[in-house]
Amino acid sequence: MSKKCLGLIVGCILLVGCATGVDNVKLYQPLEYEPQQKSVVYASASEYKPVEGNKILLALRRVSDSRPDISVIGVKKNTYGMPMGKVDVEKGKVFIDLFTQNLVEVLNRAGFEVIEPQKYKILPEEKKQEAKLLLDADVRTFWVEFMPGFWAVSADSNVIFEIHLFNAETNQEIWSETFRGKGHVPGLAIDRKGFEQSINMAYSEAMKSFYKVISDENFRQNILK
């Protein structure tokens, strides 16, 4: 058997091996994540530092998960596009709980005092009325795919979520926006670290965009008018 044929066989075995089973990946705090050669470094602290001054009391009323498949966060495919494996968050973790936790952290850093959903549900009405704003979040896409090619493969990710803000007193919507992020990690082979980097790139991009909007002083003043 020639070396060329042997190389092709080994390459096929590697591709099939990479595409089977479940890869569990860690979701990092999105404001602090920066990819660097498949390892994690931290973003500039000054760029995403906590907003100083009086906190705006906000109730995180609802976090919805509208993804077509909420059981996993990704899929691994063979050369013919057939699913052969899955990508999911760390074992013992629930995606929507992690997303909610990160959303609360971003809001806190942006100058809001957050009442979390479970606490808001059981608050008496007089306490609910202390909140200035209500926030609903809806996750539309949170997905990473293993995309084989003839000479190379890649892990491509998309993250999309919607934010809706309401005046707490009138329950009227006062602002909404969709935030998006993309990740792309190419290589001769993709392992768990590749999936992890790709999805965190997309997640970080979307959450950083959200932070930049809601931490802006002009925005904060306008939503309280």
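What you see is a predicted model, and the numbers here were worked out from it, not measured in a lab.
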Give, for atom [atom1] of [X] and atom [atom2] of [Y], the distance between the pair rounded to the nearest 0.5 Å.
X: Glu34; Y: Asn200; atom1: CD; atom2: CG; value: 11.0 Å
X: Lys208; Y: Tyr48; atom1: NZ; atom2: OH; value: 4.5 Å
X: Ile223; Y: Leu58; atom1: CD1; atom2: CG; value: 7.5 Å
X: Asn167; Y: Leu133; atom1: CG; atom2: CG; value: 7.5 Å
X: Phe219; Y: Ile214; atom1: CZ; atom2: CD1; value: 7.0 Å
X: Lys26; Y: Leu98; atom1: NZ; atom2: CG; value: 10.5 Å

Would you mind reporting whether [Y] and [X] have side-chain heavy atoms less than 4.5 Å apart?
X: Leu27; Y: Gln101; result: no
X: Val114; Y: Leu135; result: no
X: Lys182; Y: Asn158; result: yes
X: Tyr28; Y: Glu196; result: yes
X: Val72; Y: Trp143; result: yes
X: Tyr33; Y: Met207; result: no
X: Ile73; Y: Val25; result: yes
X: Lys193; Y: Gln197; result: no

Within the supplied structure, the quantity of interest is the number of heavy atoms (other residues, nucleotides, ligands) at a distance under 6.0 Å from [X] [atom1]; does it exceed 12?
X: Glu52; atom1: CD; result: no
X: Asn54; atom1: CG; result: no
X: Glu145; atom1: CD; result: yes
X: Leu57; atom1: CG; result: yes

Shared ILVMFWY cluster between [X] and [Y], side chains joined below 4.5 angstrom?
X: Phe166; Y: Leu107; answer: no
X: Val139; Y: Ile199; answer: yes
X: Val153; Y: Val75; answer: no
X: Val106; Y: Val104; answer: yes
X: Val159; Y: Val94; answer: yes

Are the side chain of Asp136 and the backbone of His164 linked by a donor-acceptor contact shorter than 3.5 Å?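 Not confirmed, Asp136 side chain does not pair with His164 backbone.
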Please check: side-chain N/O of Asp191 versus main-chain N/O of Gly194, any donor-acceptor pairing under 3.5 Å? yes
[X] versus [Y], closest heavy-atom pair with distance:
X: Arg180; Y: Ile160; value: NH1-CD1, 3.2 Å
X: Ala131; Y: Ala168; value: O-CB, 3.1 Å
X: Lys132; Y: Leu224; value: CB-CD2, 4.2 Å
X: Ala155; Y: Ser198; value: O-OG, 2.9 Å
X: Lys76; Y: Val87; value: CG-CG2, 4.2 Å
X: Ser154; Y: Asp156; value: OG-OD2, 3.4 Å

For Phe179, run the ring pair (Phe, Tyr, Trp, His ring centres under 6.0 Å) check against Phe142, Phe210, Tyr211 and tell me which one passes.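 The single option meeting the ring pair (Phe, Tyr, Trp, His ring centres under 6.0 Å) with Phe179 is Phe210.
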So, Phe161 versus Phe99, ring centres under 6.0 angstrom or not?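 For Phe161 and Phe99, the ring centres are under 6.0 Å apart.
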Taking only residues two or more places apart in sequence or in another chain, which ones pass side-chain hydrogen bond (donor to acceptor under 3.5 Å, both in side chains) with Ser176? Glu173
Does Arg220 qualify as a cation-pi partner of Phe112, given the criterion of NZ or CZ under 6.0 Å from the six-membered ring centre and within 45 degrees of its axis?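 Flagged: Arg220 positioned over aromatic ring of Phe112.
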Less than 3.5 Å apart, any donor N or O on the side chain of Asn102 or Glu105 sitting next to an acceptor on the other? yes
Which residue pairs satisfy the side chain to side chain donor-acceptor pair (under 3.5 Å) criterion with at least one member in residues 88-100, sequence neighbours excluded? none
Before giving the answer on salt bridge (Lys or Arg N to Asp or Glu O under 4.0 Å), spell out for Asp138 and Arg140 the whole-Å C-alpha distance, their side-chain angles and the decisive distance to 0.1 Å. CA-CA 6 Å; Asp138 186 20; Arg140 293 292 189 176; 3.2 Å; yes
